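The model shown is predicted, which means the values in this text are computed figures rather than measured ones. Every number for a ligand or one of its atoms is a count from 1 in the order of the listing.
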Amino acid sequence: MTTSHPFREAERRAHTEGPFDPEEVRLANRNSGLLLEALRHDVTPAGLHYLLNHFDVPYVADGTWQVDIAGRVKRRAVLSLDEIKKLPARTLPVTLECAGNGRAAMMPRYQSMPWLYEAVGTAEWTGTPLRHALDQAGLLDDAIEISFIGADRGFDRGHEHSYGRSLRRDVALSDDVLLVWAMNGQPLLPQHGYPLRLVVAGWYGMASVKWLARIEALDKPYDGFQQVNTYMYRADANATPVPVSHIRVKSLMVPPGIPDWYTRHRLVAAGPTPLFGRAWSGGGVPIARVEVGIDGVWHDAELDPPQGKFAWRGWRSQWNAEPGEHVLSCRATDADGETQPLEARWDMGGFGNNVVQCVHATVR
Ligand SMILES: Nc1nc2c(c(=O)[nH]1)N[C@H]1C(S)=C(S)[C@@H](COP(=O)(O)O)O[C@H]1N2
Ligand SMILES: [Mo]
């Protein structure tokens with residue numbers, strides 16, 4: 001190798017089983033997940049929303065941010081935050097989920113951020129549809145993709161890069177792709193992309209670029225590391241990679257009863273026990289059905305009214321808890337007929353695991 005950086009691919013084992021490595025534990029400490037009991041909130045308080053940051057959170061001094069819109073445009077535009085905030089605003093409740101959610105439950109697991117179930121949250125994002133900002137520069141006819149580059153930079157598998165992603169032109173121009181400056185009515189927190197981020201409703205989180213510094217219109221597909229070298233579904237090393245895009249249908253429940261501190265095993269009092277959770281899917285596809293499984297026997301849950309095209313939907317059910325050991329599950333089906341699998345579908349990078357959740361409970 002002739003590169004002049006100190007990071008070698010060989011230092012990371014691709015797949016592993018058994019105890020977590022210190023590197024995985026360190027990533028888990030940097031990237032917090034939603035506490036499952038916080039599924040109760042229709043809108044996740046910002047401090048409980050999951051986090052996924054690849055590199056360092058950039059320090060941004062107030063009042064200095066600018067976004068450069070360049071590439072295949074009629075006139076390059078450099079917009080300040082104040083100029084962007086003057087564009088037509090829209091607030092949209094959006095459920096974001098990390099594409100790696102569930103990775104740690106795959107066997108063997110890919111060594112990366114070891115999520116179990118908790119890389120999900122729903123916030124009310126305020127911003128302007130991206131197309132209003134693009135209008136300031138004017139896309140040329142040959143612009144086929146728009147790329148989005150963040151201010152954070154680092155290495156992954158030997159490649160130095162700024163975090164960047166792209167969208168096809170028609171996707172980028174949809175009203176559901178927002179340039180966002182507020183989360184739940186407050187300025188973005190540093191860790192969620194202050195002062196400006198993209199939110200791509202209906203897609204896994206990797207598309208929603210934080211600390212957005214540069215937008216470039218391209219006449220060829222974007223080839224940044226986070227676009228082509230990762231976020232691809234691959235069953236094995238020889239399989240044709242399929243880009244990760246829309247969120248897969250999923251549901252989670254608030255674990256009932258009280259937990260054991262260390263194992264999180266639940267203790268539930270015998271008798272009628274309300275169960276509550278959330279279900280969501282990607283691409284704006286509505287949730288059609290949620291079932292609750294008690295020791296493998298399934299029945300329908302009741303759905304709460306929808307909260308918006310891109311937000312999770314509440315569901316509830318009653319469990320007549322009888323003394324003994326039990327396994328509780330939930331399974332969502334969307335309007336396209338997609339449903340959650342009972343066993344994780346294998347993926348090389350640990351992406352898109354929407355296996356049903358299992359909660360172990362002792363009833364006394
Ligand atoms: N600039 C930048 N944007 C980013 C990331 C990042 O590391 N850097 N992580 C992405 C990933 S993988 C996810 S899942 C979401 C997480 O958004 P959140 O931390 O606000 O929940 O941000 C995305 N945007
Ligand atoms: Mo992610």
Side-chain angles (χ1 to χ4, degrees), residues 27-28 30-35 38 43-60 65 67 93-104 110 112-127 147-156 159 161-167 177-184 186-215 224-227 229-233 243-248 250 280 282 312 347 349-354:
L27 286 181
R30 288 186 58 83
N31 296 293
S32 56
L34 179 79
L35 308 176
V43 173
T44 310
L48 288 167
H49 196 280
Y50 87 94
L51 270 185
L52 193 294
N53 299 321
H54 286 78
F55 307 130
D56 293 347
V57 173
Y59 173 75
V60 178
W65 199 258
V67 181
V94 174
T95 297
L96 276 190
E97 182 181 5
C98 180
N101 201 11
R103 171 184 291 125
Y110 181 67
S112 179
M113 175 59 208
W115 295 117
L116 291 168
Y117 295 116
E118 56 294 273
V120 64
T122 299
E124 283 187 335
W125 302 101
T126 301
S147 66
F148 307 94
I149 315 296
D152 50 333
R153 192 173 178 83
F155 283 88
D156 193 354
H159 297 264
H161 60 282
S162 299
Y163 187 93
R165 291 280 308 181
S166 72
L167 294 172
V177 174
L178 301 181
L179 269 186
V180 161
W181 55 81
M183 179 184 192
N184 300 348
Q186 299 293 322
L188 293 173
L189 294 170
Q191 64 271 34
H192 288 295
Y194 179 83
L196 192 73
R197 73 177 298 173
L198 200 65
V199 168
V200 184
W203 284 56
Y204 277 119
M206 74 282 153
S208 295
V209 176
K210 303 192 270 193
W211 313 291
L212 184 63
R214 182 174 163 84
I215 298 173
F225 183 89
Q226 301 289 339
Q227 190 75 25
N229 293 49
T230 180
Y231 297 112
M232 292 284 175
Y233 292 119
V244 174
S245 59
H246 291 168
I247 297 175
R248 287 177 172 168
K250 197 165 188 172
W280 63 94
W312 59 23
D347 178 74
F351 294 122
N353 184 4
N354 63 341

Option with minimal heavy-atom separation from atom 18 (P) of ligand 1, where the choices are K210, M206, Q191: K210
Worked verdict on D152 versus N53 for side-chain contact (heavy atoms from CB on, under 4.5 Å): CA-CA 9 Å; D152 50 333; N53 299 321; over 6 Å; no
4.0 Å heavy-atom contact, E97 with ligand 1: no
Residue portion contacting ligand 1 (non-hydrogen atoms closer than 4.0 Å) for D152: side chain
S208 and ligand 1 - part of the residue with a heavy-atom distance under 4.0 Å: backbone
T122 and T95: side chain donor to acceptor below 3.5 Å: yes
Shortest protein heavy-atom distance from atom 9 (N) of ligand 1, along with the residue and atom involved: L52 O, 3.1 Å
Atom indices of ligand 1, in the order listed, that fall short of 4.0 Å to a heavy atom of L51: 19 (O)
Residue and atom name of the nearest protein heavy atom (relative to atom 17 (O) of ligand 1), distance in Å to one decimal: R197 NH2, 3.3 Å
Geometric N/O contact W211 with ligand 1, under 3.5 angstrom: no
Minimum heavy-atom distance L116-N101, with the two atoms named: O-OD1, 3.5 Å
W65 versus P195, closest heavy-atom pair with distance: CG-CG, 3.3 Å
Geometric class of the F351/Y233 ring pair [parallel <30°, tilted 30-60°, perpendicular >60°]: perpendicular
4.0 Å heavy-atom contact, Y204 with ligand 1: no
For C98, atoms of ligand 1 separated by under 4.0 Å from a heavy atom: 14 (S)
Minimal non-hydrogen separation, Y50 against E97, with atom names: OH-C, 3.4 Å
Which of the ligand 1 atoms, numbered from 1, are nearer than 4.0 Å to a heavy atom of H49: 21 (O)
Atoms of ligand 1 close to N53 [distance to a heavy atom under 4.0 angstrom, numbered from 1]: 7 (O)
Reference residue Q226; test side chain to side chain contact (heavy atoms under 4.5 Å, CB included); the match among H159, R165, M206: R165
Ring geometry between H161 and F55 (parallel below 30°, tilted from 30 to 60°, perpendicular above 60°): perpendicular
Taking atom 16 (C) of ligand 1 as the reference point, the nearest protein heavy atom with its distance: Y50 OH, 3.6 Å
Evaluation steps, side-chain contact (heavy atoms from CB on, under 4.5 Å), between W312 and K250: CA-CA 9 Å; W312 59 23; K250 197 165 188 172; over 6 Å; no
Atom 4 (C) of ligand 1: nearest protein contact (heavy atom, Å): Y163 CE2, 3.6 Å
Heavy-atom pair with the smallest gap, counting every atom of G349 and R103: O-NE, 3.0 Å
Stepwise side-chain contact (heavy atoms from CB on, under 4.5 Å) test for R197 and W125: CA-CA 10 Å; R197 73 177 298 173; W125 302 101; 3.4 Å; yes
Heteroatom proximity flag, W125 to ligand 1, N/O under 3.5 Å: no
Nearest-contact summary for atom 15 (C) of ligand 1 - protein heavy atom, Å: G205 O, 3.5 Å
Y231 and ligand 1 - part of the residue with a heavy-atom distance under 4.0 Å: side chain
